[in-house]
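This report refers to the structure that appears directly beneath it.
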Amino acid sequence: MKKYIQSIFADLSEELSYLKNTDLIFMVPKTNEHGDISTNIAMLLAKELKKKPKQIAEEIISKIKYDNSAICKIEIAGPGFINFFFSNSYITYILKEIITKGNDFGKSDKNAGRKANVEFVSANPTGPLTVGHGRNAVLGDTIATLLENIGYEVEREYYFNNAGRQMRVLGDSVRLRYFQILGDQIEFPEDYYQGKYISDIAEKLFRQHGDKLRGEDPEGIFKSAAELEIFNDIKNTLSRLNIGMKNYFNENSLYTDGKIKSVLEEFKAKGLSYEKENAVWFKLTELGAGQDKVIVKSTGEPTYRLPDIAYHKDKFERGYDLIVDIFGSDHNATYPDVLAGCKALGYDKAKIKVLIHQFVTIMDKGEVVKMSTRKANFITLDELIDDVGNDVVRYFFNMRSMTSHLNFDLDLAKKHSDENPVFYLQYAHARIASILRMTSEQNLNYSLENLNMLSSEPEQNLLKKLYQFEEEIMLAAENFEPNRITNYLEELAASFHRFYAECRVIGSETRLAEARIALITATQIIIKNGLTLLKVSAPEKM
RNA sequence: GCGCCCGUAGCUCAACAGGAUAGAGCAUCAGCCUUCUAAGCUGAGGGUUAGUGGUUCGAAUCCACUCGGGCGUACCA
């Protein structure tokens with residue numbers, strides 16, 4: 001519909017030339033009195049044209065040509081808004097679209113043929129996923145789904161590093177626990193991994209091998225067993241949330257494939273690196289950053305920047321049209337270096353979209369829980385799923401904008417009470433399912449013949465919400481904002497519940513009942529499609 | 001010190017690219033089930049949008065500064 005209004009304005013701009021070079025902004029007004037779509041164009045032009053906004057608006061309205069079957073009224077209001085009112089035949093059209101397209105309604109092929117890579121989670125296999133990773137995982141997966149919904153072919157990717165100091169400490173942590181099981185009196189260092197899962201892995205090794213591993217190297221079987229166990233655990237947790245990765249990208253492959261080396265050589269050839277104090281420095285100052293950074297330590301080991309740049313180079317070479325990285329706010333200082341590196345290598349960094357989400361604050365019994373993988377005072381994502389179920393976990397992590405901190409109150413999430421918006425939505429869906437079960441028993445079906453009978457306020461509000469769906473999910477995808485979906489769905493469900501309280505389906509006069517069945521059928525489809533994007537279930541009964 | 005993010009009702013959060021009277025949920029209070037699921041609905045109270053100044057027809061939104069909170073700021077990842 002917005003497209004249609006844009007097109008009639010485009011036609012009009014042939015006649016009113018001042019419309020040509022301005023951005024037309026259309027929005028959905030908050031109240032029904034202000035119509036279905038509104039534009040502030042007259043006010044924006046007032047200064048430039050040295051005319052009063054209302055005069056401009058009048059001129060636009062008097063000259064604009066539109067189709068009566070789509071728009072029934074255009075009026076000027078307030079300081080100069082132009083408000084458009086949709087006609088009933090448009091409403092009929094959109095309901096019909098929703099009902100006939102069903103599960104496919106809302107899908108768009110706008111980006112058909114384009115490929116996207118979404119990298120998320122990317123936790124190293126040093127411990128189970130925590131609630132903190134949960135937000136990253138759910139946001140990443142939902143963004144991937146949203147991109148698929150607008151036509152992208154999406155690859156979900158998990159980047160990990162199973163080498164380095166962290167992993168050595170992990171292997172040695174298991175080894176020491178193993179010795180403890182054998183009865184050795186060993187002091188377990190404070191900066192080693194304290195979690196119980198370490199002892200579990202050691203226990204398992206003991207059951208399989210007895211005391212035969214005494215002489216093994218910490219980086220041998222201890223490390224590899226730990227990595228295997230932990231990775232299986234992580235994958236299992238992700239699959240409980242319906243998250244499946246297409247690629248697991250091992251940082252180590254960047255070394256074995258010579259990609260790190262080739263980036264180093266390229267930097268050197270371009271004069272973007274130099275040696276100082278036995279280390280290799282990346283000339284970031286030349287690229288506009290504040291200071292140069294080390295990319296290869298004096299020990300010969302690269303810092304994280306180098307593999308990160310090589311990794312992104314690899315992604316570019318794989319030919320994606322869009323590369324999305326999802327990080328927690330603790331990475332906010334590192335990605336500019338990576339982007340600068342990509343740009344220096346000649347890649348279009350506009351293809352990379354870095355999304356930084358703020359941390360999850362866990363509240364338990366009214367207190368903030370500080371978490372650290374190393375010390376074992378974390379709540380695992382698995383425990384959270386056990387407590388509240390995957391629907392609630394997925395919904396809660398999608399509920400807030402990425403830029404704000406997410407306050408996860410465990411007591412509240414565990415409650416399963418009506419404070420929980422997930423149930424509010426699911427209840428709306430189930431209520432509709434229930435009505436439709438009963439109407440079908442009575443052989444009552446939807447009809448699009450008399451939709452103009454849907455004239456009461458709750459019905460009008462519900463209709464209005466329905467035809468906003470397509471635009472909402474488009475905006476959610478293009479702006480990478482999953483929380484728009486949850487906000488929208490809550491408003492939609494509220495509109496439905498209000499309708500339910502005031503308007504009866506069964507027992508109304510047949511033509512009205514048929515129209516209302518069309519309305520709630522469409523509502524049910526939209527709720528289901530919205531929840532499906534979030535991978536939250538839409539039950540027929542509760 | 002510097003960089004990024006945040007500050008909106010008692011609490012948790014919305015508010016589309018600057019738009020019309022700043023909205024929901026929870027909590028509090030008062031109502032609504034002989035009719036489609038009360039996990040619901042209706043109403044009331046609750047706000048100087050942290051503060052100060054600026055930009056303009058118009059600011060929670062943009063700019064500057066101040067205050068407060070989070071995360072960073074390594075030859076850790």
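Throughout, a chain's letter reflects where its sequence line sits, starting with A, and its residues are numbered from 1.
Looking at residues 461-495 of chain A, you'll see L475(A), R484(A), N487(A) sit with a heavy atom under 4.0 Å from some atom of RNA chain B. In the region residues 427-441 of chain A, proximity to RNA chain B at under 4.0 angstrom, judged on heavy atoms, holds for Y427(A), A430(A), R431(A), S434(A), I435(A), M438(A). Within residues 330-341 of chain A, the residues approaching RNA chain B are D330(A), N332(A), A333(A), T334(A), by heavy-atom distance under 4.0 Å. If you check residues 512-531 of chain A against RNA chain B, you find no residue with a heavy atom closer than 4.0 Å.
Using a 4.0 Å heavy-atom criterion, one finds that R504(A) contacts the bases of the nucleic acid, with or without backbone contacts as well. If you check every strand for non-hydrogen atoms under 4.0 Å, V296(A) touches nothing. Residue-level contact check: D292(A) touches neither bases nor backbone, having no heavy atom under 4.0 Å from any strand. Using a 4.0 Å heavy-atom criterion, one finds that E277(A) contacts the bases of the nucleic acid, with or without backbone contacts as well. At a threshold of 4.0 angstrom between heavy atoms, the contacts of A46(A) with the nucleic acid are absent. Among the protein residues, N124(A) comes within range of the sugar-phosphate backbone only, with heavy atoms under 4.0 Å from sugar or phosphate atoms but none that close to a base. Using a 4.0 Å heavy-atom distance criterion, H497(A) is classed as a sugar-phosphate-only contact. Among the atoms of the strands shown, none is found under 4.0 Å from any heavy atom of N278(A).
Looking at the side chain of R400(A), the nearest of the listed nucleotides rC75(B), rA20(B), rA14(B) is rA14(B).
Interatomic distance, OH of Y255(A) versus CG of N252(A), reported as 8.0 Å (0.5 Å rounding). Put simply, CZ on F9(A) and CZ on F26(A) are 4.5 Å apart, with the number rounded to the nearest 0.5 Å. A distance of 4.0 Å separates CD1 of I309(A) from CZ of F267(A), quoted to the nearest 0.5 Å. Atom CD1 of I435(A) sits about 12.5 Å away from atom OG of S440(A), to the nearest 0.5 Å. R394(A) CZ to T486(A) OG1: the interatomic distance, rounded to the nearest 0.5 Å, is 12.5 Å.
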Expected rows: protein N/O vs nucleotides 5-11 of chain B N/O, under 3.5 Å:
{"from": "rC5(B)", "atom 1": "O2'", "to": "Q358(A)", "atom 2": "NE2", "distance (Å)": "3.3"}
{"from": "rC5(B)", "atom 1": "O2'", "to": "T403(A)", "atom 2": "O", "distance (Å)": "2.7"}

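In this pair, F231(A) and Y158(A) present their aromatic rings tilted. The plane angle is within the 30 to 60° band.
A salt bridge does not link R511(A) with E514(A): every distance from a Lys NZ or Arg NE/NH1/NH2 to an Asp or Glu carboxylate oxygen is 4.0 Å or more. Looking at K110(A) and E478(A), a side-chain N of the basic residue comes within less than 4.0 Å of a carboxylate O on the acidic one, giving a salt bridge. The pair D292(A)-K283(A) does not count as a salt bridge, with every side-chain nitrogen at least 4.0 angstrom from each carboxylate oxygen.
Side-chain atoms of T303(A) stay outside donor-acceptor range of the base of rA77(B), with no qualifying N/O pair under 3.5 Å. Side-chain to base pairing of E301(A) with rC75(B): no donor and acceptor N or O lie closer than 3.5 Å to each other.
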Exercise for the section: Give the intermediate values and the outcome of side chain to side chain contact (heavy atoms under 4.5 Å, CB included) for residues L519(A) and F499(A). Expected result: CA-CA 10 Å; L519(A) 178 63; F499(A) 160 85; 3.8 Å; yes
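For rC33(B), the O4'-C1' to base torsion is within 90° of 0; the nucleotide is therefore syn.
Between K30(A) and rA20(B) there is a side-chain polar atom (N or O) within less than 4.0 angstrom of OP1 or OP2.
Nucleotides rC13(B) and rC71(B) have their P atoms positioned 16 Å apart, rounded to a whole Å. On the P atoms, rU12(B) is 15 Å away from rG70(B), given to the nearest whole Å.
The heavy-atom pair separating S495(A) from N461(A) by the smallest distance is OG-O, 4.3 Å.
The closest side-chain donor-acceptor pair between D325(A) and H331(A), if any, does not fall under 3.5 angstrom.
The CD1-C1' distance, from I260(A) to rA77(B), rounds to 13 Å in whole Å.
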Handout entry: Canonical and wobble pairing (Watson-Crick, G-U, under 3.5 Å) of RNA chain B, dot-bracket with |
Key = (((((((..((((.....[...)))).(((((.......))))).....(((((..]....))))))))))))....
